[in-house]
Amino acid sequence: MGKVLVVDDDEVIRQLIAVNLTLEGFQVETAFDGQNCLDRVGDVQPDVVTLDVMMPRMDGWTTATRLRSDDSTRHIKVVLITARAQEDDKRRGFAIGVDAYLTKPFDPAELIQVVRDLALSARSA
């Protein structure tokens with residue numbers, strides 16, 4: 001189905017996302033913040049990264065920007081999952097180059113569909 005790196009500083013949310021995606025057949029790895037994501041992304045080689053915005057050490061905006069600016073990671077599909085629901089926040093995410101933007105609380109079925117669609121497009125590219 002694809003490989004997903006789930007990045008969130010809240011362990012409960014991180015595990016909720018991971019369990020939902022695992023049950024759908026995805027291979028899931030987790031990271032606890034943006035820096036941990038960047039440290040692990042080369043080894044994990046995910047098709048999709050789900051990324052919280054508000055995290056310590058390195059926020060999701062910076063992490064997404066770094067993923068997009070590196071030739072070895074720019075192809076990875078990025079989904080921001082955040083409580084920040086303002087239009088300015090969404091515009092900022094899409095300007096960085098994220099592929100999808102979901103707001104918390106999110107619908108698990110919508111998350112699964114978005115990740116599935118992105119994983120399929122990543123594998124067919």
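If you read the sequence from its start, that first residue is 1, and numbering goes on from there.
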- Given Asp8 and Lys104, is the side-chain contact (heavy atoms from CB on, under 4.5 Å) satisfied, shown in steps? CA-CA 12 Å; Asp8 200 300; Lys104 295 176 184 174; 3.0 Å; yes

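- Across every non-hydrogen atom of Gly25 and Met1, the tightest pair is O-CB, 3.3 Å.
- Here the closest heavy-atom approach between residue Cys37 and residue Thr63 is recorded as SG-CG2, 3.9 Å.
- Taking Asp107 as the reference, Ala109, Glu110 meet the side chain to side chain contact (heavy atoms under 4.5 Å, CB included) condition, with sequence neighbours excluded.
- Smallest separation of non-hydrogen atoms from Asn20 and Pro108: OD1-CB, 3.7 Å.
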- Item | Chi angles and distances behind the side-chain contact (heavy atoms from CB on, under 4.5 Å) call for Arg40, Phe32 | CA-CA 11 Å; Arg40 300 200 61 219; Phe32 53 83; over 6 Å; no

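- Applying the side chain to side chain contact (heavy atoms under 4.5 Å, CB included) criterion to Asp39, with sequence neighbours excluded, gives Gln35.
- Across every non-hydrogen atom of Asp59 and Val53, the tightest pair is CB-O, 3.1 Å.
- No continuous path of hydrophobic side-chain contacts links Ile81 to Val7 [ILVMFWY only; heavy atoms under 4.5 Å].
- Placement of Val114 and Leu80 in two distinct hydrophobic clusters is found when ILVMFWY residues are connected by side-chain heavy-atom separations under 4.5 Å, directly or transitively.
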- Under the side-chain contact (heavy atoms from CB on, under 4.5 Å) rule, what do Leu21 and Ile112 come out as? Steps first, then yes or no, please. CA-CA 6 Å; Leu21 293 174; Ile112 290 163; 4.2 Å; yes

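- Within a 6.0 Å sphere centred on CZ of Arg66, heavy atoms belonging to other residues, nucleotides or ligands number 12 at most.
- There is no path of hydrophobic side-chain contacts, each under 4.5 Å, that joins Met58 to Ile13.
- By the rule that hydrophobic residues join a cluster once side-chain heavy atoms approach within less than 4.5 Å of another member, Leu111 and Val6 end up as members of one cluster.
- Here Asp89 does not pair with Arg92 in a salt bridge; the nearest charged N to carboxylate O distance is not below 4.0 Å.
- Arg68 approaches Thr73 most closely through the heavy-atom pair NH1-O, 4.1 Å.
- The heavy-atom pair separating Leu118 from Ala100 by the smallest distance is CD1-CB, 4.2 Å.
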